[in-house]
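Reminder, nothing fancy here: chain letters follow the sequence lines and each chain counts from 1.
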Protein chains: 2
Amino acid sequence: MKRDSRLSGVLHVLLHMAEQGEPMTSEQLAKAMQTHPVVIRRILGGLRDAGFVHSEKGHGGGWTIAKDLADITMRDVYDAIGRPSLMAMGNRTEAPGCLVEQAVNAALDTGFREAEALLLARFGEVTLAALAADFHARMAARSLSPTAQEHIHG
Amino acid sequence: MKRDSRLSGVLHVLLHMAEQGEPMTSEQLAKAMQTHPVVIRRILGGLRDAGFVHSEKGHGGGWTIAKDLADITMRDVYDAIGRPSLMAMGNRTEAPGCLVEQAVNAALDTGFREAEALLLARFGEVTLAALAADFHARMAARSLSPTAQEHIHG
DNA sequence: GTTTCATGTAACTTTAAATAGTGCGTGAAA
DNA sequence: TTTCACGCACTATTTAAAGTTACATGAAAC
């Protein structure tokens, strides 16, 4: 399957915005993420509607964080991008008439629901502030290391 | 993403084989699952290599279960088909140089690993015998119901 | 006010992975 | 020796994500 990387991508973008402090354009963010500006606008669209980011048109415009990083969890972000399916596997047929398949689906669904619930709970425990703190810790570790590199993207 | 239904499919096939008692050809199984015989051979190939089913060529040939249903778990079946990825979401980039992305990936991976572990543990708890029992319970329930239908596949 | 910059959005195209299908080879039973 | 059924390599189709193009809207600069 082709794995969905929108959540990973949007978290990445949000942290870069937070680091910057001032408005960043879709083009700047796209360059940082090695993707297309329209892709950025698309994935940030849901975040804007949810009130997590703000966008401004025209000169000096761009994207800014609209909330404190400590008040945004990965779960919030996941919800804002439309709750894409988390499980790579599904049932062959939904609502099958075959009783064998119903039994199989029931067993699989039970496991999938539990795993999803666990994952969402974990997402709810991690704020963007925590991610930013982790990033800063990595920065500090890298600058201390003898093989420290100057660039942030590579 | 296109969700993988091989596990669902192979479990379905195995239970039908178990119900039948005698060898079933790929064509019969394909008809029951509304798919192509080659697809059946493909998904059963791993199960044969793992020793869970046996295949016989020529007249009277076909597929049979090679172990007691109580000795095969959904986890076994999952392993036998090659442990396809369970999570629909992944990281934008593996081994990124960007420290922001490293922080994001680390947080996401932690959640994914926990969810996968839970799911696999649940799979390990469910035997094919349990699935067959569930199927028989559904059969009984249907035959008692006023809107009982004769067909098994629909 | 008009030019420039930047987002908003609706298409369309490309790409990756699952699934479906074809053809031919092999081996066993009738 | 014919028929049946699996084994396997290869190709085709399908689906959803990701990338791209095109154009409209609105705000700041001049």
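Relative to the side chain of B:T25, the nucleotides C:dT19, D:dC6, C:dA6 differ in distance, and D:dC6 lies closest. Proximity note for A:V39 (side chain, C-beta onward) versus C:dT19, D:dG19, D:dA17: the nearest is D:dG19.
Remark: the A:H36 side chain and the D:dT20 base include no donor-acceptor N/O pair separated by less than 3.5 Å.
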inquiry  = I'd like to compare against my own output: the B/S/- annotation of nucleotides 7-12 of chain D with a strict under-4.0 Å heavy-atom distance to protein.
reply    = BS-B--
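B:E27 places its CD atom 13 Å from the P atom of C:dT22, with the value rounded to the nearest Å. Remark: C1' of D:dA5 and CD of B:E22 are 15 Å apart, rounded to the nearest angstrom. Rounded to whole Å, the distance from CG on B:L7 to P on C:dT19 is 11 Å. To the nearest angstrom, P of C:dA20 lies 8 Å from CE of B:M33.
Each of A:S5 and A:G60 has a nearest nucleotide on DNA chain D; the 5'-most of these lies closest to A:S5.
The closest side-chain heavy-atom distance from B:R75 to B:D79 is below 4.5 Å. Side chains of B:Q102 and A:R142 form a contact here, defined as non-hydrogen atoms less than 4.5 Å apart.
Just one of A:L7, A:L131, A:V10, A:L120 meets the side-chain contact (heavy atoms from CB on, under 4.5 Å) condition when paired with A:M74; it is A:L131.
Ion pair A:R122/A:E125 flagged as a salt bridge, since at least one NZ, NE, NH1 or NH2 atom sits closer than 4.0 Å to an Asp/Glu carboxylate oxygen. A salt bridge is absent between B:K67 and B:D71; no separation between the charged side-chain nitrogens and carboxylate oxygens falls under 4.0 Å.
Listed here is the closest heavy atom pair of B:S85 and A:M89: O-CG, 4.1 Å. Of all heavy-atom pairs spanning B:G124 and B:T73, the tightest one is O-CG2, 3.4 Å.
One finds no side-chain N or O of B:R3 lying less than 4.0 angstrom from the OP1 or OP2 phosphate oxygen of C:dA18. At least one side-chain nitrogen or oxygen of B:T35 sits closer than 4.0 Å to the OP1 or OP2 atom of C:dA20. A sub-4.0 Å separation between OP1 or OP2 of C:dT7 and a side-chain N or O of A:S26 is present.
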